[in-house]
2 protein chains.
Amino acid sequence: MYICFMTDKKILEINKALSNATRLDILKWLKDPESNFPPHESLGHFNDGVCGQHIKDKSGLSQPTISHYLSGMHKAGLLSTTRHGKWTYFKRNEEVIQEYLNTLNTI
Amino acid sequence: MYICFMTDKKILEINKALSNATRLDILKWLKDPESNFPPHESLGHFNDGVCGQHIKDKSGLSQPTISHYLSGMHKAGLLSTTRHGKWTYFKRNEEVIQEYLNTLNTI
DNA sequence: ATTTGATGTAACAAAATTGCAATATGCTCG
DNA sequence: CGAGCATATTGCAATTTTGTTACATCAAAT
């Protein structure tokens with residue numbers, strides 16, 4: 001298990017993603033889907049994370065806004081996505097988050 | 001030595017401060033003033049950090065812009081300031097930075 | 001094939017950020 | 001005091017971010 005670091009450019013991109021209250025909340029909610037989201041109707045687990053609809057519901061913001069936020073967090077590497085039928089599931093990308101934290105710790 | 005954490009509001013404020021390339025650079029430069037800045041004319045040490053002028057010179061940005069950046073970082077708690085005559089010295093606030101990192105590590 | 005529900009994209013207005021020039025303030029020294 | 005330098009503040013134009021409505025796409029199911 002090696003410690004990995006990321007470039008300043010990536011750090012900036014993630015810092016930008018995490019300088020918005022809703023996006024910071026989303027990252028934290030996804031750390032514990034069981035306590036923060038209702039179980040999904042069709043899938044009985046959170047192995048691939050939480051679908052956009054539920055995140056939207058919890059945030060109180062509009063669907064396009066959340067879609068935009070989620071795709072930005074995905075682009076920054078913070079989230080990974082899986083499509084199951086009509087749903088897109090969003091999950092924390094713990095490896096990237098760990099790299100991010102490793103790097104910040106040296107700043 | 002207790003581990004301290006900070007509020008989400010503070011985290012967001014610091015993330016915002018650190019989502020700009022120049023401001024991130026400044027924080028890193030101040031970690032090692034000896035290698036990043038010339039010695040100051042009147043003071044022979046970096047005990048209180050580095051004066052705004054030198055930071056401005058290294059950044060390549062205008063004086064008002066750097067003044068604005070530095071006061072934002074100060075307001076966010078990242079930097080502490082000391083006035084020596086006509087110079088304002090800026091130094092990393094390691095306690096706040098540590099709180100910030102402690103908190104991020106739980107996110 | 002049509003409908004229904006989840007997601008993505010476009011276009012847009014309001015607000016915040018970026019970084020500059022101009023100006024004001026503060027400090028030191030002759 | 002007045003000159004000169006460091007810093008702070010103000011005002012501004014350009015750009016980015018925020019979050020909306022309207023619309024397009026995609027998948028499941030009737």
Side-chain angles (χ1 to χ4, degrees), chain A residues 9 12-27 30 33 37-43 46 48-76 78-91, chain B residues 9 12-27 30 33 37-43 46 48-76 78-91:
Chain A
K9 192 181 166 193
L12 287 172
E13 191 178 359
I14 294 184
N15 279 347
K16 208 165 287 192
L18 297 184
S19 61
N20 169 289
T22 303
R23 291 189 299 256
L24 186 60
D25 280 343
I26 291 172
L27 196 69
L30 289 179
F37 297 97
H40 199 275
E41 304 86 52
S42 47
L43 294 171
F46 290 107
D48 289 325
V50 177
C51 75
Q53 194 65 236
H54 286 174
I55 297 173
K56 186 224 100 190
D57 289 343
K58 190 165 176 85
S59 74
L61 295 180
S62 71
Q63 183 271 324
T65 296
I66 291 303
S67 175
H68 187 222
Y69 282 3
L70 290 172
S71 84
M73 294 173 76
H74 175 61
K75 184 163 174 299
L78 288 169
L79 303 181
S80 62
T81 66
T82 315
R83 186 94 185 197
H84 283 289
K86 63 180 167 179
W87 296 283
T88 304
Y89 285 75
F90 296 88
K91 182 172 64 163
Chain B
K9 193 183 166 190
L12 288 172
E13 192 178 0
I14 293 184
N15 280 344
K16 207 165 286 192
L18 297 184
S19 62
N20 168 289
T22 302
R23 291 191 296 258
L24 186 60
D25 280 342
I26 290 172
L27 197 69
L30 289 179
F37 298 97
H40 199 275
E41 304 88 49
S42 47
L43 295 170
F46 289 106
D48 289 325
V50 177
C51 75
Q53 194 66 237
H54 287 173
I55 296 172
K56 184 222 101 190
D57 289 343
K58 191 165 175 86
S59 76
L61 294 179
S62 71
Q63 183 271 322
T65 299
I66 292 302
S67 174
H68 187 221
Y69 282 3
L70 290 172
S71 85
M73 294 172 77
H74 174 62
K75 184 162 174 300
L78 288 169
L79 303 181
S80 60
T81 67
T82 316
R83 187 92 187 196
H84 282 289
K86 64 179 167 182
W87 295 285
T88 305
Y89 285 74
F90 296 87
K91 184 173 60 163

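Reminder, nothing fancy here: chain letters follow the sequence lines and each chain counts from 1.
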Nearest-angstrom distance from the residue atom [atom1] of [X] to [atom2] of [N]:
X       : N      : atom1 : atom2 : answer
A/Tyr89 : C/dG8  : OH    : P     : 13 Å
B/Trp87 : D/dA8  : CH2   : C1'   : 17 Å
B/Asn15 : C/dT17 : CG    : P     : 14 Å
B/His74 : D/dT9  : NE2   : P     : 11 Å
B/Phe90 : D/dT7  : CZ    : C1'   : 8 Å
A/His84 : C/dT7  : NE2   : P     : 12 Å
A/Leu12 : C/dT17 : CG    : C1'   : 15 Å
A/Leu70 : C/dG8  : CG    : P     : 8 Å

[options]: which one has an atom nearest the side-chain heavy atoms of [X]?
X       : options               : value
A/Ser62 : C/dA6, D/dA8, D/dT20  : D/dT20
A/Cys51 : C/dC20, C/dT18, C/dT7 : C/dT7
A/Thr65 : D/dA8, C/dA6, D/dT20  : D/dT20
B/Arg23 : C/dA21, C/dA6, C/dT18 : C/dT18

Pick base, sugar-phosphate or nothing for A/Thr88, based on heavy-atom distances below 4.0 Å to the nucleic acid.
-> sugar-phosphate

Contact class for A/Lys16 vs. all strands (heavy atom < 4.0 Å): base, sugar-phosphate, or nothing?
->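 Answer is sugar-phosphate: A/Lys16 comes under 4.0 Å of backbone atoms only.
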
Would you please indicate if the ring centroids of B/Phe90 and B/His74 are separated by under 6.0 Å?
->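 No, they do not, as the ring centres are separated by 6.0 Å or more.
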
Respond yes when some side-chain nitrogen or oxygen of B/Asn20 is under 4.0 Å from OP1 or OP2 of C/dT18, and no when none is.
->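 Looking at the OP1 and OP2 atoms of C/dT18, one of them is under 4.0 Å from a side-chain N or O of B/Asn20.
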
Answer yes or no: does a side-chain N or O of A/Ser67 lie under 4.0 Å from OP1 or OP2 of C/dG8?
->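 Indeed, a polar side-chain atom of A/Ser67 lies that close.
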
Taking for each residue the nucleotide of DNA chain D bearing the nearest heavy atom, is the 5' side occupied by B/Gly52 or by A/Pro64?
->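 So the residue in question is B/Gly52.
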
More 5' along DNA chain D: A/Arg83 or A/Gln63, using each one's nearest nucleotide?
->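 Of the two residues, A/Gln63 wins.
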
Should [X] and [Y] count as side-chain neighbours, where that means a heavy-atom distance under 4.5 Å?
X       : Y       : result
A/Thr65 : A/Thr22 : no
B/Phe46 : B/Leu30 : no
A/Lys91 : A/Thr82 : no

Do you know the tightest heavy-atom contact between A/Tyr89 and A/Gly49?
-> CD2-O, 3.5 Å

